[in-house]
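In what follows, a structure is listed as structure tokens, so that the remarks can point back to it.
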Amino acid sequence: MIGTMAQAAPYVGYVYPNETDIPWSVLIVIYPYITGLVAGAFIVSSLYHVFGMAQYKPVARFALLTAVSFMFFVPTPLLLHLGNPQRAFNAVLTPHWTSAMAAFSYVAGFYICLLLLEIWFAFRADIVALSKTTRGPLGTVYRLMTLGSDDVSPRALALDHKFATVLAMIGIPAAGGLHGYVGFLFGSVKAREWWSSDLMPIIFLLSAIVSGIGLLIVLYVVYSRIRKVPVDQDCMKGLARTMWAFLLVVLVIEGLELLEMFYKRLEGIDMVQRLIEGPIRYGMLIQWGGSLIVLALLTVLIVFRVEGKALVRGLVISGVGMMIAVLAMRWNVVIGGQELSKTMKGLLVYYPEILSHEGLVAVAIVFTCPFVVLWLITRFLSPWEPEPS
Amino acid sequence: MTQEDKKIEVKGSNLVRRNFFLRMLGIGTACAGTWVGSGNLIARAQSAETAAAAAPKIPDYDWNKHKWAFGVDATRCIGCLRCVEACKAENGVTQDAHHFRTWVERYVYLEGDERAHVDSQSDAQNIAASGSEKEFRFDNRYKDAKIEKAFFVPKLCNHCTHPACVQVCPTGATYQTKDGVVLIDHSYCIGCQYCVQACPYGVREFNHVLGVTDKCTWCYHRITKGLQPACVEVCPVEARVFGDRNDPQSPISAFLRNNRVSVLKPETGNAPNVFYVGIDKEVC
Ligand code: SF4
Ligand code: SF4
């Protein structure tokens, strides 16, 4: 309920009195999570658009639509969390530039524009065709969307392709920036022992890509089922390899970071250890256990050149597994960081609310929206290549 | 009137509650006086009351002419918590055990202990002892224990020279004044709580009714009129010292001259302006 504090967080040891009112709720867990899915999906589409890896062609345009559908909802958890959401524009109109958060609307706004432009170039030929064949109000929408350019000559199409490539090239650092930036939001908070790390942006970015690939695999398989078409095997094999590579790197970096932390044993390390063994132990188990299982599974799929249904099944399990593991990682960072008291003499435990505007139901609704929007967009603009019949 | 002057104005009109404060002050100091059992203190409380009622000493306040700072002499603090209650009343702080602009920590070393036992007035046992979340006291849990060393440490916003909270505020609602005070413009704050995360000292709290962050202002509405912050005013043992560093005769200038002081968490680079005497390695 707005206007009242959530239940005070229980604690052990000594925590500052104000800390029992945990500032960032589970909503702020899904903010970096959704942003990460966007970054991951986008990177896959770039593998085709920029690096010309043809095996990703079947999902390239779908990945763009996935990215934009999720991107639309990135600001939602933030807005829901604000004490005065009606003033959100204060941060846009009078940004205080020393704050990492002040750049959010600009970074996000820029990225949405970039995505929309790239989508327009990637779909322009389809839009033109649809504007010619569709009647009624929907036809008018398509005609408006052509923006008056209905030239679909091979030269024009080649130009489209070029533009899409350039935009995708800008998009890679932008996606990296967008998500590295989210990592910076946390990593730059020197007051929080568990956040304050130079590696935070890179860890956030890499795990984002892994979760985004996972999402894309799952969605692609589900959509193929619905469309009753076979899943493209080459594409799946490519996705398996990409996911494996990114996952391996992120695990190594995260592992090294923990190793360094425990090797240096700076002041407060005992409490960090108690945090890992205490409030976030299940989160850590899911994050690390899930990631290692998926890594093993992917290794098997790749080494034994698994194909067909088994490959699809294995990859869907890996995709779901990585989405869960990365969600757990976001929880461990965002919530774990706040459960470790700034006194370094105590631990708090955060229990999410269920029904409030910052509760689990709100989170579920926010997280469902992108899927619904993606479904609507794909009805309106099909990202699939026509089946060779 | 500049933009910033307006900010002070808003702040001031929001916060002035002198009548209520005076009542509290009367009760608070009288209690403290009786409790400690010194007639002297009551006399001082009364003179403080007259001082508070007198016309402001700084009629045309110019923030370029002052440099405020705060001192805490932990060797004097008796943990009576008058300051905590006075602050809540003066500044309309949420009346529960989870929102404070200032608080007091108790550090106790029992015989043979390497590390201190720490609690504050918010501790569940202390709340049980006071019987409500509106009044505060430290319970008597150590009465049968063998205590080697024990002391109290009052905490409040450090009004840092390099405040992390100001750095991270996306709107500029949290800002630093020329006279060295860190304030929040409640009409501009969006309630993102990034500042709550960024403050290493945990002094920021969220006002859920207004949807904005809040914290100690050193009673800016009082000090700009020549009065002392509420907590300084009610402290029966002068554990809290406040004043203008630009004035060599001020209590804080004397405090800094006459003591070897330290600050909390210097490694954060925040450069606090609350200076401590008599704290220990365990103080967090
Ligand atoms: S103590 Fe915290 S709230 Fe106060 S000025 Fe320093 S960083 Fe800001
Ligand atoms: S809660 Fe208010 S004061 Fe704090 S950072 Fe956000 S906008 Fe600034």
Side-chain angles (χ1 to χ4, degrees), chain A residues 1-6 8-11 13-25 28 78-79 81-105 185-186 188-193 195 267-268 337-338 341-346, chain B residues 84 94 96-101 103 105 107 115-124 155 164-175 186-213 215 265 267-270 282 284:
Chain A
M1 210 171 46
I2 298 177
T4 50
M5 174 191 162
Y11 64 90
Y14 177 64
V15 306
Y16 294 131
N18 293 335
E19 283 189 299
T20 46
D21 185 3
I22 303 250
W24 285 355
S25 64
I28 308 298
L78 296 181
L79 282 173
H81 170 260
L82 290 186
N84 279 288
Q86 79 284 5
R87 293 185 194 152
F89 271 98
N90 287 1
V92 185
L93 300 174
T94 54
H96 183 236
W97 287 120
T98 59
S99 166
M101 205 182 271
F104 169 75
S105 52
L185 275 179
F186 292 95
S188 62
V189 176
K190 61 186 173 191
R192 290 238 178 259
E193 189 71 20
W195 289 353
E267 195 185 353
Q338 303 176 87
S341 168
K342 290 171 179 170
T343 61
M344 292 312 261
K345 287 182 190 298
Chain B
V84 174
T94 311
D96 65 16
H98 310 282
H99 300 86
F100 295 91
R101 288 182 173 205
W103 67 92
E105 292 165 357
Y107 291 79
R115 309 204 56 177
H117 299 260
V118 193
D119 65 335
S120 74
Q121 76 287 336
S122 290
D123 180 87
K155 293 277 185 81
C165 55
V166 172
Q167 185 183 33
V168 304
C169 175
T171 60
T174 282
Y175 61 103
H186 282 171
S187 64
Y188 213 67
C189 168
I190 58 176
C192 63
Q193 302 200 57
Y194 202 13
C195 54
V196 180
Q197 305 287 10
C199 170
Y201 305 97
V203 308
R204 291 192 159 230
E205 42 109 0
F206 197 66
N207 182 323
H208 288 269
V209 177
L210 299 177
V212 297
T213 295
K215 71 162 190 73
K265 300 189 183 179
E267 71 281 3
T268 61
N270 272 28
E282 283 285 289
C284 48

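The model shown is predicted, which means the values in this text are computed figures rather than measured ones. Numbers restart at 1 for each chain; the letters A, B, ... are given by sequence-line order, proteins then strands.
Contacts of B:H99 classified as side-chain hydrogen bond (donor to acceptor under 3.5 Å, both in side chains), with partners at least two apart in sequence or in another chain: A:D21, B:D96. Partners of A:S99 by side-chain hydrogen bond (donor to acceptor under 3.5 Å, both in side chains), not counting sequence neighbours: none found.
The main-chain N or O of B:L210 is found under 3.5 Å from a side-chain atom of A:N84 such that the two form a donor-acceptor pair. Put simply, the side chain of A:K345 never gets that close to the backbone of B:H117: no donor and acceptor are under 3.5 Å apart. Counting only distance, with no hydrogens or angles, the side chain of B:K265 and the backbone of A:A191 share no donor-acceptor pair below 3.5 Å. Using modelled atom types, one side-chain atom of A:Y16 and one backbone atom of B:C284 make a donor-acceptor pair closer than 3.5 Å. In this structure a side-chain-to-backbone donor-acceptor pair under 3.5 Å is present from B:Y194 to A:L185.
By number of non-hydrogen pairs under 4.5 angstrom with chain A, the leading residue of B:A97, B:P200, B:G269 is B:P200. Between chain B and the options A:H81, A:M344, A:E19, heavy-atom pairs under 4.5 Å are most frequent for A:H81. The candidate from B:R204, B:E205, B:H98 with the greatest count of non-hydrogen atom pairs under 4.5 Å with chain A is B:H98. The choice from B:G211, B:C189, B:P170, B:C192 that makes the most heavy-atom pairs within less than 4.5 Å of chain A is B:P170. Taking chain A as the reference chain and counting heavy-atom pairs below 4.5 Å, the highest number among B:C169, B:A164, B:A198, B:A124 is found for B:C169.
Looking at B:E282, both its backbone and its side chain come within 4.5 Å of chain A, counting heavy atoms on both sides. Using a 4.5 Å cut-off between heavy atoms, A:W195 touches chain B through its side chain atoms alone. For A:S341, no part lies near chain B; criterion is any non-hydrogen pair under 4.5 Å. The part of B:R115 that comes within reach of chain A is its side chain, from C-beta onward, which places non-hydrogen atoms under 4.5 angstrom from that chain. Using a 4.5 Å cut-off between heavy atoms, A:Q86 does not touch chain B at all. Neither the backbone nor the side chain of A:F89 comes within less than 4.5 Å of any heavy atom of chain B.
Annotation: side chain of A:N18 is not in contact with side chain of B:Y201 (no heavy-atom distance under 4.5 Å). Residues B:N270 and A:K190 form a side-chain contact, since some pair of their non-hydrogen atoms from C-beta on lies under 4.5 Å apart.
When all heavy atoms of B:V166 and A:T98 are compared, the closest pair comes out as O-OG1, 4.0 Å. Considering every non-hydrogen atom in both A:R87 and B:Y188, the closest pair reads NH1-N, 3.9 Å. Considering all non-hydrogen atoms of both residues, B:V196 and A:P23 come closest at CG1-CG, 3.7 Å. Here the closest heavy-atom approach between residue A:A91 and residue B:I190 is recorded as CB-CD1, 4.4 Å. B:C199 and A:K342 make their closest contact through O-NZ, 2.7 Å (heavy atoms, listed as atom of the first residue, atom of the second, distance). When every heavy atom of A:P17 is checked against every heavy atom of B:F100, the shortest pair comes out as CB-CD1, 3.5 Å.
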